[in-house]
Amino acid sequence: MIKRIAVLTTGGDAPGMNAAIRAVVRYGIYKKLEVMGVFRGWWGLINEELRLLDHRSVSGIINQGGTILKTARCQEFRTEEGQKRAYEVIKKNCIDALVVIGGDGSFRAAHEFYKKYGVFCIGIPASIDNDINGIEMTIGLDTAINTALSAIDNIRDTATSLERVFVVEVMGRDCGYIALKVALAGGCEEVIIPERRYNLEEICHDIVEGNLRGKISWIIVVAEGAASAQEIAQKINEMTSLETRAVVLGHIQRGGRPTAFSRDLALRLGQIAVDCLLRGEKDKVVGLHDEKIISVDFARAIQKKDLRIEELYHLVKVLS
Ligand code: F6P
C-alpha cells in the first residue's frame, strides 16, 4: 500500500508547474498520504535534497510561473551510478512512488528508472514543447503561446509602421507547435517549422509579389528547431532588398503567470496522478485527450508525436 509519495519537477520549467505541485500535495494529503518534495529534480533525488511538505508549503503559488521545487537538467541520472544512488535515497526515505512533473526527457528517464528498479512513477506533462505523444496539451503550452502571441502583436505595430519584414523565432525544441499556433492566431504570413521542409526562395518570391501588390509588412514565425531567425532574416534581406529584422523570443516564453487553462489542466492532472498511484498504476503519463483525462504508458508517451500539422499550416497560408 502506498503511504508516502515524492513529487519533483525536472527539465525546463513551465508555467503551471506550481499549480500541479499544489494539487499533488493537497490532494495527496486529503487522501491521507505523506508527500515529500524533491528539490532540483533528479539531481535532488540523487543528493537527497528533499523534505516533507504540508498544506501550507504550497500556499500562494498557484499564480506563479517557474517551480518552487526548482528544476535541473541532470546528466548524472542517466548513469548507472546516479540511478543507483537515487534508488537508495528512495528506499532510505520510505518513498513508495514518484510523481514526476516534466517533459519528454524527464519521462524517458522515469521509464528507464522504472524498468531497472521498479519504482512506481506517474508523469505529469509540463513543458512548453507540446511533444508528449498520446496527449493533446502539456501544462504551460497555453501560457507560452499567449506570451509569444502578445510579443507578436507588439512587433506587428512596428512592422506596419516601418513597413518591414520581421522574422520571429519561438521556442519548442524539435516541435513546431508553438510556432504554428502563434502564426495562426497572430495572423502571420509564413511559418517555418521542423516538421516541414521550407523553401526560402519561394517565401521571398511571395514577399516580393505581395510587395508589388502594395503589401507593406510581414511577420514570419520560425520554430527554433527549424532555423535561426538571424540567418533567415539576413537571407530575406539579401534576396528581397526589404528591410528585415530578427527577434528571438527565447526564455521570455517560458516564464510568467500561468493562464487559466494551464492552471486548470495542472490542478486536474495533479489530482489524477495521485489517484492513479492509489489505484496501483505506474510507469504512465496522465494527460488530456478528447476533453477527457487519460493515462498513457511512458513507452508510448516518449514516441515521436504526430501533430497533424498540415491542416494548421494550410490554414496559416490561406488566411495570410
Ligand atoms: O524544453 C523546453 C525548452 O524551453 C525548449 O523549448 C528549448 O529548446 C529548451 O527548453 C531550452 O533549454 P534551456 O533553458 O536549458 O536553454
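If you're wondering where the values come from, they're calculated on a predicted model, not measured in any experiment.
- Proximity of a side-chain donor or acceptor of D54 to a complementary backbone N or O of R56 within less than 3.5 Å is detected.
- More than 12 heavy atoms of other shown residues, nucleotides or ligands fall within 6.0 angstrom of atom NZ in K284.
- In this structure, R196 is positioned above the aromatic face of Y313, its NZ or CZ under 6.0 Å from the six-membered ring centre and within 45° of the axis.
- A side-chain donor-acceptor contact under 3.5 Å links R263 to the backbone of P258.
- Below 30°, between 30° and 60°, or above 60°: for Y87 and Y117 the angle between ring planes is below 30°, a parallel geometry.
- In this structure, R156 and C188 have side chains that are in contact, with non-hydrogen atoms separated by less than 4.5 Å.
- Taking both residues in full, the closest heavy atoms of A226 and Y198 are given as O-CE2, 4.2 Å, listed atom of the first, atom of the second, then distance.
- Residues V170 and V222 fail the side-chain proximity criterion, which asks for heavy atoms closer than 4.5 Å.
- In this structure, T143 and R257 have side chains that are not in contact, with every pair of non-hydrogen atoms separated by 4.5 Å or more.
- To the nearest 0.5 Å, the span separating CD1 on I95 from CZ on F120 amounts to 15.0 Å.
- Here CZ of F166 is found 9.5 Å from OG1 of T244. Values are rounded to the nearest 0.5 Å.
- For the pair K84 and E88, the salt-bridge criterion is met [side-chain N within less than 4.0 Å of a carboxylate O].
- Put simply, the side chain of Q253 gets close to the backbone of G250: a donor and an acceptor are under 3.5 Å apart.
- In this structure, OG1 in T138 is found 4.5 Å from CG in L141, a value given to the nearest 0.5 Å.
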**Prompt:** Could you go step by step and tell me if S57 and R26 meet the side-chain hydrogen bond (donor to acceptor under 3.5 Å, both in side chains) rule?
**Reply:** CA-CA 10 Å; S57 315; R26 292 200 173 166; over 6 Å; no
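- One hydrophobic cluster, built from ILVMFWY side chains closer than 4.5 Å, holds both I272 and Y30.
- Between R268 and L288, the closest side-chain pair of non-hydrogen atoms falls below 4.5 Å.
- Other residues, nucleotides and ligands contribute more than 12 heavy atoms inside 6.0 Å of the CD atom of E310.
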**Prompt:** What's the verdict on side-chain hydrogen bond (donor to acceptor under 3.5 Å, both in side chains) for D142 and T259, showing C-alpha distance, side-chain angles and the deciding distance?
**Reply:** CA-CA 7 Å; D142 181 66; T259 58; 2.6 Å; yes
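- Salt bridge absent: E76 and R78 never bring a charged side-chain N and a carboxylate O closer than 4.0 Å.
- Residues I21 and I68 have side chains in contact (heavy-atom distance under 4.5 Å, counting atoms from C-beta outward).
- Taking hydrophobic clusters as Ile, Leu, Val, Met, Phe, Trp and Tyr residues chained together by side-chain heavy-atom distances below 4.5 Å, V168 shares a cluster with V316.
- Using a distance-only test at 3.5 Å, with no hydrogens or angles considered, a donor-acceptor pair links the side chain of E189 to the main chain of I219.
- Looking at I207 and I220, their side chains come closer than 4.5 Å, going by heavy atoms from C-beta outward.
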**Request:** Starting from the C-alpha separation in whole Å, work towards a yes-or-no answer on side-chain contact (heavy atoms from CB on, under 4.5 Å) for L319 and L184.
**Result:** CA-CA 8 Å; L319 302 182; L184 185 62; 4.3 Å; yes
**Request:** Could you walk me through whether K304 and N133 pass side-chain contact (heavy atoms from CB on, under 4.5 Å), step by step?
**Result:** CA-CA 6 Å; K304 178 94 184 137; N133 187 39; over 6 Å; no
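- Counting heavy atoms from C-beta on, the side chains of E281 and I122 come closer than 4.5 Å.
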**Message:** Apply side-chain contact (heavy atoms from CB on, under 4.5 Å) to residues L307 and Y177 and explain how you reach the verdict.
**Reply:** CA-CA 7 Å; L307 283 168; Y177 195 75; 3.7 Å; yes
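- In summary, K92 and E48 engage in a salt bridge, as defined by a charged side-chain N under 4.0 Å from a carboxylate O.
- With N237 contributing its side chain and L242 its backbone, the two residues share a donor-acceptor pair below 3.5 Å.
- Residues L267 and I62 form a side-chain contact, since some pair of their non-hydrogen atoms from C-beta on lies under 4.5 Å apart.
- One hydrophobic cluster, built from ILVMFWY side chains closer than 4.5 Å, holds both L265 and V7.
- Between D275 and R279, none of the side-chain N atoms (NZ, or NE/NH1/NH2) sits under 4.0 Å from a carboxylate O, so this pair counts as no salt bridge.
- Both F113 and L8 belong to a single network of hydrophobic side chains, linked directly or stepwise wherever heavy atoms of I, L, V, M, F, W or Y lie under 4.5 Å apart.
- With R40 contributing its side chain and K70 its backbone, the two residues share no donor-acceptor pair below 3.5 Å.
- Applying the side chain to side chain contact (heavy atoms under 4.5 Å, CB included) rule to E224 yields the partners E169, M171, R173; only residues at least two apart in sequence or on another chain are considered.
- In this structure, R108 contributes its side chain and I302 its backbone to a donor-acceptor pair below 3.5 Å.
- Salt bridge present: E190 and K317 bring a charged side-chain N and a carboxylate O closer than 4.0 Å.
- At least one donor-acceptor pair closer than 3.5 Å links the side chain of D96 to the backbone N or O of K3.
- At distances below 3.5 Å, not a single donor-acceptor pair connects side-chain atoms of D13 with backbone N or O atoms of T67.
- No side-chain donor-acceptor contact under 3.5 Å links D264 to the backbone of A260.
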